[in-house]
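Have a look at the structure below, then the notes.
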Protein chains: 2
Amino acid sequence: MRAAAEQVAESLRDEILAGVFPSGARLGEAELAGRLSVSRTPVREALSRLAAEGLVEIQPNRGARVVTRTPDELREIFEIRLRLEPYAVCRAVPRLTARQLDELDDLATTMVTVGRSSTLVDLNRCFHGLFIDAAGSPPLAQALRAVTHAAVVHQNFHDYSEDALDRSLRHHVEMVAAARAGDGEWAEAIMRAHLCNARATMIGGRP
Amino acid sequence: MRAAAEQVAESLRDEILAGVFPSGARLGEAELAGRLSVSRTPVREALSRLAAEGLVEIQPNRGARVVTRTPDELREIFEIRLRLEPYAVCRAVPRLTARQLDELDDLATTMVTVGRSSTLVDLNRCFHGLFIDAAGSPPLAQALRAVTHAAVVHQNFHDYSEDALDRSLRHHVEMVAAARAGDGEWAEAIMRAHLCNARATMIGGRP
DNA sequence: CACCGCAAGATTGCATGCAATCCTTCCCAC
DNA sequence: GTGGGAAGGATTGCATGCAATCTTGCGGTG
């Protein structure tokens, strides 16, 4: 993409995922343009892009807002992730380099030590993102990022019970073990459990 | 989206999916703006949008082109569809109205009669799109449209063998029967076979 | 007191203009 | 004859300006 627009999009994406803009926050073009010292044109382009990524929604003549998902949509997003992300992990395992394995190890162990901090969601995003990238399938990565991003916006680990959070972190560690063992099937199974655990705690039990 | 930009995007989307612009065709901003009697601004916005939809790819300072997928990417797109579209059909079946069932019937039977015409791909797109919409899950629809669009660009039924095309059309009819019976499991199974059949003929046998 | 209509301010949508980058082609040196 | 390089044209990227639309606050009316 274009340099300035790319920078604006990246900055906005980071800030939205970091929670700087809460869900539903209004994103005025002029305000963003002023904040980043660019014209409104690249801002509009970035907003368009983020809208397609599922991070913001644009209403004609009414501006852009950070997306708000209904509980139903959140549940659906997990259904999609459950069907794609385990597959991505299975594909990724045989392609992981030693360097990437170490990085995953770092992320998993760090997440255990940092506890409930704001960096936890960042580390989690990196962890899942690394697997998605390592799957080596641009279409898969595109499809998954759209839904994982949308989920992350509403995920801050605050809702996790002590038990659920503990399980989630152990899943990461176990997934790295499975990856080191080269067992894609194992890693895929853990990812499936990982997402079910997340779904149960985020959405609540089956109604 | 904005009125003019929306119109440009829709027009471009239709023309790309209709094959007016072949895969890899250059999409100059000035040319498109002139053709549709708008300024370059909405054209740029539409191209950005279509890029996010996976229909075109934008290279910085080098303009936009209709996407070209490698065989590997096409194969991956089918892997994604195989994991999402049967699920979408299963969800859609209990939600289909009588009117939608009739429409599906029309589409399926029409596709049998028209034979290998250029409208076949359009009808096919409507058929699959109706199921996707009827699933009633915006995130699922978004994820699926991105990959199905990209696949349609490279799909013109020319590569289908007589047998494969026959199977494909019968699948549609059977899917409608399953939907009328309210049997989501049945419809889901046929959709899975339908996609495997398409994958086999479009990609070729397993290497 | 509540509700509807209206006008001013604010914001978005599009057109246009200019600078930056890329592609083409021609020329020159080897 | 071939390869490298530079100038010209063409195209993209961004900034700015203006018209159209929406939001907000106020006044009037029932």
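Fair warning: this is a prediction, and the values are worked out from it, not measured in the lab. Proteins get letters first, then strands, A, B, ... in listed order; numbering begins at 1 in each.
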All side chain to side chain donor-acceptor pair (under 3.5 Å) counterparts of A/S23, not counting sequence neighbours: none
Non-neighbouring partners of B/N197 that pass side chain to side chain contact (heavy atoms under 4.5 Å, CB included), sequence neighbours left out: B/Y160, B/A164, B/R167, B/S168, B/H171, B/T201
Separation of atom CZ in B/R65 from atom P in D/dT11, rounded to whole Å: 13 Å
Euclidean distance, atom CD of residue A/E29 to atom C1' of D/dT21 [Å, nearest integer]: 13 Å
Within residues 132-151 of chain A or reaching into it, pairs that qualify as ring pair (Phe, Tyr, Trp, His ring centres under 6.0 Å) - sequence neighbours excluded: none
A/R69 and A/R75, any side-chain heavy atoms less than 4.5 Å apart: no
All side chain to side chain donor-acceptor pair (under 3.5 Å) counterparts of B/Y87, not counting sequence neighbours: A/E76
Ring pair (Phe, Tyr, Trp, His ring centres under 6.0 Å) pairs, two or more places apart, involving residues 37-61 of chain B: none
Rounded interatomic separation in angstrom, taking CZ from A/R62 and P from C/dT11: 15 Å
Phosphate-side-chain proximity, B/R26 and D/dT12, N/O vs OP1/OP2 below 4.0 Å: yes
Length of the line joining B/N61:CG and C/dC23:P, which is rounded to integer Å: 9 Å
Using nucleotides 14-16 of chain D, report all nitrogen or oxygen pairs with the protein that are shorter than 3.5 Å.
unit_1 : atom_1 : unit_2 : atom_2 : d
D/dC14 : OP1    : A/A3   : N      : 3.4
D/dC14 : OP1    : A/A4   : N      : 2.5
D/dC14 : OP1    : A/A5   : N      : 3.4
D/dA15 : OP1    : A/S39  : N      : 3.4
D/dA15 : OP2    : A/S39  : N      : 2.7
D/dA15 : OP2    : A/S39  : OG     : 3.3
D/dA15 : N7     : A/T41  : OG1    : 2.9
D/dT16 : O4     : A/T41  : OG1    : 3.4

